[in-house]
*Asks:* 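Take this structure, written in structure tokens, and hold onto it; I'll ask about it next.
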Amino acid sequence: MKIGSNRAIKKIAKRLPPFLVTSYGYSETYTPGQVGTAVENTGCSSDYIDHAYAMFCDKASFNEVSSGNYEALHQEVADLCFSGNASFGFSDATAYSGDVGAGDCGGGGGD
């Protein structure tokens, strides 16, 4: 189960930044509607939409659409994709997204 969820979260971190930039322009945060559209259009699992909101929305927007724990989900993403750096921003996510053809995680990693 954990490997499957890790894979789904990594997929969101890789696929959404290019879609968000192409569709809405570059921004440090996006609206929940934009993130939801990106999840839907990139083939990512909607089961992990709260992780996507925690990655790409600010805390106030996250709280409007989710009853989840923003800090916990944001930290889970940080641990999995950004070497534990909970202050990651959209520029970090863009680098992680694999535009340069990197592996699963920006720093190596894997599941």
Side-chain angles (χ1 to χ4, degrees):
M1 174 67 179
K2 186 69 173 171
I3 290 174
S5 66
N6 287 355
R7 190 171 294 126
I9 294 164
K10 288 177 183 179
K11 189 176 188 181
I12 287 168
K14 290 176 109 17
R15 291 189 177 180
L16 265 62
F19 181 90
L20 290 166
V21 169
T22 300
S23 299
Y24 307 110
Y26 182 90
S27 178
E28 275 302 314
T29 61
Y30 292 88
T31 68
Q34 291 169 329
V35 172
T37 298
V39 167
E40 185 178 306
N41 283 288
T42 58
C44 293
S45 174
S46 61
D47 292 345
Y48 297 92
I49 189 82
D50 285 350
H51 287 84
Y53 292 146
M55 265 186 253
F56 303 110
C57 298
D58 62 32
K59 185 177 179 181
S61 296
F62 173 91
N63 288 332
E64 290 175 10
V65 294
S66 175
S67 59
N69 182 319
Y70 175 85
E71 286 82 7
L73 292 172
H74 194 81
Q75 187 62 57
E76 185 177 349
V77 171
D79 290 344
L80 188 59
C81 301
F82 303 105
S83 302
N85 177 11
S87 61
F88 70 87
F90 191 73
S91 58
D92 300 307
T94 318
Y96 175 83
S97 71
D99 286 338
V100 293
D104 251 358
C105 261
D111 291 315

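What you see below is based on every heavy atom in this structure, not just the backbone, and it leaves out hydrogens, waters and symmetry mates.
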*Asks:* May I ask you to check whether Glu28 and Tyr26 show a side-chain donor-acceptor distance below 3.5 Å?
*Replies:* yes
*Asks:* Which heavy atom in Thr94 sits nearest to a heavy atom in Pro17, and how many Å separate them?
*Replies:*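 Closest heavy-atom pair between Thr94 and Pro17: CA-CB, 4.0 Å.
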*Asks:* What's the shortest heavy-atom distance between Tyr53 and Val35, and which atoms?
*Replies:*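 Closest approach of Tyr53 to Val35: CD2-CG1, 3.8 Å.
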*Asks:* Calculate, to the nearest 0.5 Å, the distance between atoms OG and CD belonging to Ser27 and Gln34 respectively.
*Replies:*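 Atom-to-atom, Ser27:OG and Gln34:CD are 7.5 Å apart.
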*Asks:* Could you check whether any side-chain heavy atom of Leu20 comes within less than 4.5 Å of a side-chain heavy atom of Phe90, counting everything from C-beta outward?
*Replies:* yes
*Asks:* Tell me the closest heavy-atom pair linking Ile49 and Gly36, and the distance in Å.
*Replies:*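 Ile49 and Gly36 have their closest heavy atoms at CD1-CA, 3.9 Å.
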*Asks:* Show the nearest heavy-atom pair for residues Phe56 and Ile12, with the distance to one decimal.
*Replies:*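 Here Phe56 and Ile12 meet closest at CE1-CG2, 4.0 Å.
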*Asks:* Mind listing the closest non-hydrogen atom pair of Thr42 and Phe19 along with its distance?
*Replies:* CG2-CB, 3.8 Å
*Asks:* Quick one: pull up NE2 in His74 and OG in Ser87 and give me the separation to the nearest 0.5 Å.
*Replies:*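 So the NE2 of His74 and the OG of Ser87 are separated by 7.5 Å.
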*Asks:* Looking at every heavy atom in both Pro32 and Ser61, which two are closest together, and how far apart are they?
*Replies:* CG-O, 3.7 Å
*Asks:* Could you tell me whether the side chain of Lys10 reaches within less than 4.5 Å of the side chain of Cys81, counting heavy atoms only?
*Replies:*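 When only atoms from C-beta onward are counted, Lys10 and Cys81 do touch, with a gap below 4.5 Å.
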*Asks:* Tell me, do Tyr30 and Leu16 make a side-chain contact under 4.5 Å, heavy atoms counted?
*Replies:* no
*Asks:* Has the side chain of Ser83 got a donor or acceptor atom that lies under 3.5 Å from a matching backbone atom of Asn85?
*Replies:* no
*Asks:* Supply the atom-to-atom distance Asp92 CG to Tyr96 OH, rounded to the nearest 0.5 angstrom.
*Replies:*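 Those atoms lie 12.5 Å apart.
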*Asks:* In Å, rounded to the nearest 0.5 Å, how long is the span from CZ of Phe88 to CD of Gln75?
*Replies:* 9.0 Å
*Asks:* Which of these, Ile9, Leu73, Asp50, sits in a side chain to side chain contact (heavy atoms under 4.5 Å, CB included) with Met55?
*Replies:*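 One option only clears the test, and that one is Ile9.
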*Asks:* His51 vs Tyr48 aromatic rings, parallel, tilted or perpendicular, using cut-offs 30° and 60°?
*Replies:*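 Tilted: the ring planes of His51 and Tyr48 meet at 30° to 60°.
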